[in-house]
Amino acid sequence: MDGEATVLTAGELKELVLNDEAPSADEVDVVTAATCGVMSGTAAVMHFRVSEPGSFRKAVSAELNGIPAYPGPCPNENLGSVDLFIYGTARSVRDPEYGGGFLLRDLLTGSEVDVTVKSEDGTSIESTVTLKDIETARIIGTRMAFRNYTAIVNPSNKPVRSIFNAFEMPPHCGGLSFSGCGDINPLENDPGMEAIRRGTSVLLNGARGLVLGEGTRSSPERPNLMLSGDLHDMKPDYIGGFRTAAGPEIFNTIAVPLPVTSERVFKRLLVLNSDIGLPVADVRDRSRIIHDLTYADTWAGDERPTYNPERCADCLPCLAAERCPTHAIGDGLDTDRCFGCGVCAFSCPYGAYEMDTGEVRIGDRIVPIVCRQSDRVRASRLALELKELIEKGNFLIGGC
């Protein structure tokens with residue numbers, strides 16, 4: 001933006017509204033909204049050299065740390081290099097709990113990755129790469145930042161494995177899992193996608209990215225975004241793997257600038273968690289809605305767990321560590337990896353990990369929230385980064 005601008009994060013604006021201190025439309029120029037959570041439709045396209053030219057003719061399959069990657073569309077015949085597509089939800093043939101999200105984070109932290117490429121003549125080429133060796137590495141999110149999510153419970157009398165929880169969903173509605181950052185989510189603040197459109201500049205995992213258009217499965221009632229950004233510029237804190245009971249998933253963090261162009265636009269930005277519905281569905285059939293909540297019912301309580309080492313009973317195996325979606329539990333709690341999901345506090349029988357994630361009433365039952373698959377802490381942090389970039393004149397609204 002040209003000149004000085006008054007910029008608020010969505011979280012800052014909501015706090016002012018809750019305190020009856022909301023500014024007027026002419027007092028705010030831009031609001032930065034953000035979301036962080038599991039986003040299954042994430043892939044990466046890469047190009048890099050794996051051997052000397054002439055060592056193989058055409059790649060037919062590949063693996064990175066055991067994770068299947070798909071060569072194409074350019075065969076790069078005899079050049080010793082490959083174009084690869086990698087899915088964020090792909091799982092390693094070596095370790096079923098290691099997936100594409102963990103791989104991408106490992107690359108961002110500078111880790112060396114094992115590469116195996118098989119050519120059409122049966123030759124197997126093995127090498128290692130780091131992110132610096134990868135000439136092209138772009139994230140493409142086919143459906144990200146959903147406006148509308150569904151909370152999940154299991155009314156049956158048996159545990160159910162699902163991608164919607166880090167461990168088997170407890171029977172008899174013994175726990176609720178949910179996604180969505182509520183009133184700081186970009187599409188909750190621009191539901192008609194008037195400001196967010198094709199070509200809109202965003203921060204994708206800390207890197208400058210672009211909205212390519214509406215994502216797959218997007219509809220006027222349930223919009224989401226297709227985004228792209230350069231992996232080289234991303235930050236490992238904002239992207240990573242997320243283990244579930246049904247296999248590895250991937251989380252991303254997205255921040256979007258929303259210019260205040262009219263009183264009507266500003267009124268939409270005043271939406272609060274209490275205004276946003278969150279239906280509760282049966283994990284066995286997501287079309288079966290059994291209750292209705294709002295995000296005010298779910299985003300209460302603590303943002304992060306507290307670790308109490310004096311309460312640790314040194315259980316082997318440690319249930320909290322086994323279930324932790326982001327591998328944040330080892331010798332204590334890795335606060336950089338922690339997602340604030342609450343699984344550790346629900347799982348530890350001795351209270352070594354404490355976190356009030358809240359509870360909801362469904363019919364005559366009080367149901368604890370056992371897993372958050374979105375992270376308002378990371379989202380708020382990226383919204384603040386975007387705010388500061390705009391204030392310094394280092395981020396152009398509508399273009400990188």
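- In this structure, Glu303 places its CD atom where only 12 or fewer heavy-atom neighbours from other residues, nucleotides or ligands lie under 6.0 Å away.
- Between Arg378 and Asp375, at least one side-chain nitrogen of the basic residue sits less than 4.0 Å from a carboxylate oxygen of the acidic one, meeting the salt-bridge criterion.
- Taking the side chain to side chain donor-acceptor pair (under 3.5 Å) definition, one finds that Arg105 meets it with nothing, sequence neighbours left out.
- At least one donor-acceptor pair closer than 3.5 Å links the side chain of Asn154 to the backbone N or O of Met169.
- The residues Arg49 and Asp133 are annotated as not salt-bridged, no charged nitrogen and carboxylate oxygen being separated by less than 4.0 angstrom.
- The 12-atom threshold is not exceeded at CG of Asp331, counting heavy atoms of other residues, nucleotides or ligands nearer than 6.0 Å.
- A donor-acceptor pair under 3.5 Å is formed between the side chain of Glu27 and the backbone N or O of Ser24.
- Under the side-chain contact (heavy atoms from CB on, under 4.5 Å) test applied with Pro155, the options Ile362, Val160, Ile290 reduce to a single match, Ile290.
- Checked against Ile239 for a side-chain contact (heavy atoms from CB on, under 4.5 Å), the options Leu204, Ile250, Leu107 give a single hit: Ile250.
- By the 6.0 Å contact criterion, CZ on Arg198 is open, its count of non-hydrogen atoms from other residues, nucleotides or ligands being 12 or less.
- In the displayed structure, Arg286 atom CZ is contacted under 6.0 Å by at most 12 heavy atoms of other residues, nucleotides or ligands.
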**Request:** Give the C-alpha distance, both sets of side-chain angles, the deciding distance and a yes or no for salt bridge (Lys or Arg N to Asp or Glu O under 4.0 Å) between Lys58 and Glu77.
**Result:** CA-CA 5 Å; Lys58 180 180 178 181; Glu77 292 189 12; 5.8 Å; no
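- Listed by first then second residue, pairs satisfying side-chain hydrogen bond (donor to acceptor under 3.5 Å, both in side chains) with a partner in residues 62-73 read Asn65-Tyr98, not counting sequence neighbours.
- The backbone N or O of Arg304 lies less than 3.5 Å from no partner atom in the side chain of Asp302, so there is not a single donor-acceptor pair.
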**Chi angles and distances behind the side-chain hydrogen bond (donor to acceptor under 3.5 Å, both in side chains) call for Glu221, Asn148** = CA-CA 8 Å; Glu221 297 76 25; Asn148 314 75; over 6 Å; no
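- Remark: Arg284 CZ is packed, more than 12 non-hydrogen atoms of other residues, nucleotides or ligands lying under 6.0 Å away.
- The aromatic rings of Phe346 and Phe167 sit parallel to each other, their planes meeting at less than 30°, with 60° as the upper class boundary.
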